[in-house]
Amino acid sequence: MTRGQTKAAPPSGCPIHFDPLAEDQLLDPYPLYDRMREEAPVFWSDPQQLFVVTRYDDVLAVLRDHRVFSSHNSVRSSLAPPAPEVAAVLATGHSLSPTLTDSDEPVHGRLRGLVNRAFTHQRVAEMEEPVRAAANGLIDAFYADAEADVIDQFGWSLPITAISLILGLEGAEAERLHTWSYHWLKLLQATDSVEEQVGYAGSVVEMQRFFIDQLEQREREPRDDLMTVLLQSGRQLDPPVEIVEAMRIPMNLIIAGHVTVTRAIGNSVALLIDRPEEQARLRDELEGTIEELLRLESPAQGLFRTALEDAVVGGVEIPAGSRLMVHFAAANRDPEQFECPAEIRPEREGLMRHLAFGKGIHVCVGAPLARLELRIALPLLFQRLPSLRYAEPRVAVRDDVFFARGYRHLRVAWDR
Ligand code: HEM
């Protein structure tokens, strides 16, 4: 038995089999999350060698205590070293860390300051029209077919267009950026064959080279875009930000900033598709409805922390060095915080308390952009595609990423 098990086994004696990639949990994890919160709010999960924290108050406490709970490896579901073949490919590139997401203070503050300076409210507000035009353009392209894959033909293109526009990247790169980002995720998850992982590692190295090249171009010829701002502001820091350090920032923004929104679009369409009365809320209570959709089907189901010293979470002793998964999605359905948590209630008190964007120093830097994209995308899909429904036969394939929830494919049909 491990240390964690002796201290945090579920009290009922009925073990929690936490396996987000298992068929039933991919399909509907929420009954299990209810059990987790009730029977074993903080439990040791042996297969992943980590504590899972599931109640709202406990998740929030961990997120806020960044001095004790480090974000190193915060997006790695497994810490197993890569196979030698994969490591050999990665060695031809640069280290994947530190990024904004997986760094602690003071490195995090240095990077976050840079991103905050470049990623202003005004810049996001200026995206309204381009994002609307992009969303309409994508719908125009498939409208006449009366059927489409809302993920492949809309869900990932829209957010990647938005973040590319902000960064100042050419639209033609969208496909490559999407594939590289997806491969980065798969590489971190490390569940596919070594051969596939070698391919993912190759993509990640290519993505690094691409961004280094882009930054070098802006060093020679500054432009009016976020990459130039990042570079120029970074050069003024002490010590100045080097190209390799700068390269990880747009990479992080592209990856964190489109796969999540893709998932939010797919999850929201699936939540609303059979519920015409809830669809009406997109017209009347748009902003609150979007918060509820994010709470109910959180694209980032949970992420990871490491205890830097002995700690106690939810009454459970967490020895120094232990890994924890802070389970945003379980916390977001905690009935202690959200009355009738499975219902969409845009009028609920404390609507914005949800943890879909995290909390604390690592709270999502792209939340305003994500909200803007969802405010545009969801009403447009339901308005422009009348009687939106699942296509026949139904294709609704969940993506198998340990800490995320979303669709790989979601085919829909409508009346032209
Ligand atoms: C619905 C869409 C999104 C969801 C659900 C989401 C979720 C999250 C969550 C939960 C965190 C906290 C991570 C942690 O505590 O370890 C986070 C951080 C982050 N997000 Fe998002 N995000 C979304 C959209 C975006 C967008 C559009 C961007 C960029 C354009 C973005 C960029 C980032 C970055 C860079 C961080 C790290 C911030 C830091 O560590 O200081 N995200 N996001």
Side-chain angles (χ1 to χ4, degrees), residues 53 59-60 62-66 69-77 97-116 118-121 123-124 127 131 155-156 158-167 169 177 181 226-227 230 248-268 290-306 323-329 331-332 354-378 401 403-406:
V53 183
V59 170
L60 191 60
V62 173
L63 292 177
R64 287 201 167 137
D65 199 352
H66 61 267
F69 298 106
S70 161
S71 276
H72 277 296
N73 295 312
S74 65
V75 284
R76 279 183 186 273
S77 44
S97 296
T99 65
L100 198 52
T101 321
D102 68 8
S103 57
D104 293 332
E105 299 308 321
V107 174
H108 172 265
R110 169 176 159 94
L111 299 175
R112 181 92 189 202
L114 275 182
V115 174
N116 284 346
F119 215 76
T120 58
H121 281 292
R123 218 170 259 268
V124 173
M127 295 308 295
V131 169
W156 68 257
L158 184 70
I160 214 153
T161 304
I163 187 73
S164 300
L165 279 172
I166 292 195
L167 286 170
L169 298 169
L177 291 169
S181 304
L226 193 141
M227 290 232 278
L230 285 173
R248 294 194 196 95
I249 300 177
M251 263 184 80
N252 193 195
L253 289 171
I254 283 276
I255 297 166
H258 94 273
V259 184
T260 44
V261 179
T262 310
R263 294 183 197 292
I265 291 173
N267 290 345
S268 302
I290 283 170
E291 299 307 319
E292 282 288 273
L293 294 168
L294 288 166
R295 180 183 67 76
L296 277 172
E297 280 275 41
S298 304
Q301 294 268 291
L303 287 170
F304 309 96
R305 296 292 189 267
T306 305
R323 296 240 301 152
L324 301 87
M325 180 175 193
V326 274
H327 211 294
F328 309 128
N332 277 340
H354 70 75
L355 301 176
F357 290 116
K359 283 278 190 260
I361 61 166
H362 289 278
V363 68
C364 180
V365 78
L369 179 63
R371 289 184 165 116
L372 177 108
E373 292 172 39
L374 295 172
R375 278 206 309 272
I376 291 170
L378 295 176
V401 177
F403 55 81
R405 182 158 174 79

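Below, all heavy atoms of this structure are taken into account, side chains as well, without hydrogens, waters or symmetry copies. Heads up: numbering here begins at 1 and tracks the sequence. One-based numbering, in listed order, for ligands and for the atoms of each.
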Original post:
Ignoring waters, how many protein N/O/S atoms are under 2.8 Å from atom 21 (Fe) of ligand 1?
Top reply: 1

**OP:** Supply the atom-to-atom distance S164 OG to L253 CG, rounded to the nearest 0.5 angstrom.
**Re:** 11.0 Å

Subject >> Between CD1 on residue I163 and CE on residue M127, distance to nearest 0.5 Å >> reply: 8.0 Å

Would you mind telling me if ligand 1 is within reach of the side chain of [X], the backbone, both or neither, using heavy atoms under 4.0 Å?
X    : value
T101 : both
L100 : both
H258 : neither

Ligand-residue contact atoms, ligand 1 with [X], heavy atoms, under 4.0 Å:
X    : value
H108 : 39 (C), 40 (O), 41 (O)
I361 : 41 (O)
L303 : 13 (C), 14 (C), 16 (O)
I163 : 30 (C)

Original post:
Step by step, would you call F403 with Q301 a side chain to side chain contact (heavy atoms under 4.5 Å, CB included)?
Top reply: CA-CA 5 Å; F403 55 81; Q301 294 268 291; 5.6 Å; no

**OP:** Determine, stepwise, if the pair V59 / K359 fulfils side chain to side chain contact (heavy atoms under 4.5 Å, CB included).
**Re:** CA-CA 9 Å; V59 170; K359 283 278 190 260; over 6 Å; no

**OP:** Please step through side chain to side chain contact (heavy atoms under 4.5 Å, CB included) for the pair R123 and I166, ending with a clear verdict.
**Re:** CA-CA 7 Å; R123 218 170 259 268; I166 292 195; 4.2 Å; yes

Original post:
Taking atom types as modelled and ignoring hydrogens, do the side chains of T101 and N252 form a donor-acceptor contact shorter than 3.5 angstrom?
Top reply: yes

Original post:
If we ignore angles and hydrogens, is there a donor and acceptor under 3.5 Å between the side chains of E105 and H66?
Top reply: no

**OP:** Please report the closest heavy-atom contact between P159 and G257, naming both atoms and the distance.
**Re:** CB-O, 3.9 Å

**OP:** List the atom of L355, the atom of A331, and the distance in Å for their closest heavy-atom pair.
**Re:** CD1-CB, 3.8 Å

**OP:** Could you tell me if the ring centre of H362 sits under 6.0 Å from that of H108?
**Re:** yes

Subject >> Option with minimal heavy-atom separation from atom 16 (O) of ligand 1, where the choices are R305, R112, M251, H354 >> reply: R305

Subject >> Residue and atom name of the nearest protein heavy atom (relative to atom 12 (C) of ligand 1), distance in Å to one decimal >> reply: H362 O, 3.3 Å

Original post:
What is the closest protein heavy atom to atom 5 (C) of ligand 1, and at what distance does it sit?
Top reply: A356 O, 3.5 Å

Original post:
Can you tell which of H327, E297, H354 makes a side chain to side chain contact (heavy atoms under 4.5 Å, CB included) with N332?
Top reply: H354

Original post:
Below 4.0 angstrom, N of the basic side chain to O of the carboxylate: do E291 and R371 qualify?
Top reply: yes

Original post:
Does some non-hydrogen atom of L294 fall short of 4.0 Å from ligand 1?
Top reply: yes

Original post:
Does P299 reach ligand 1, in the sense of a heavy atom lying below 4.0 Å from it?
Top reply: yes

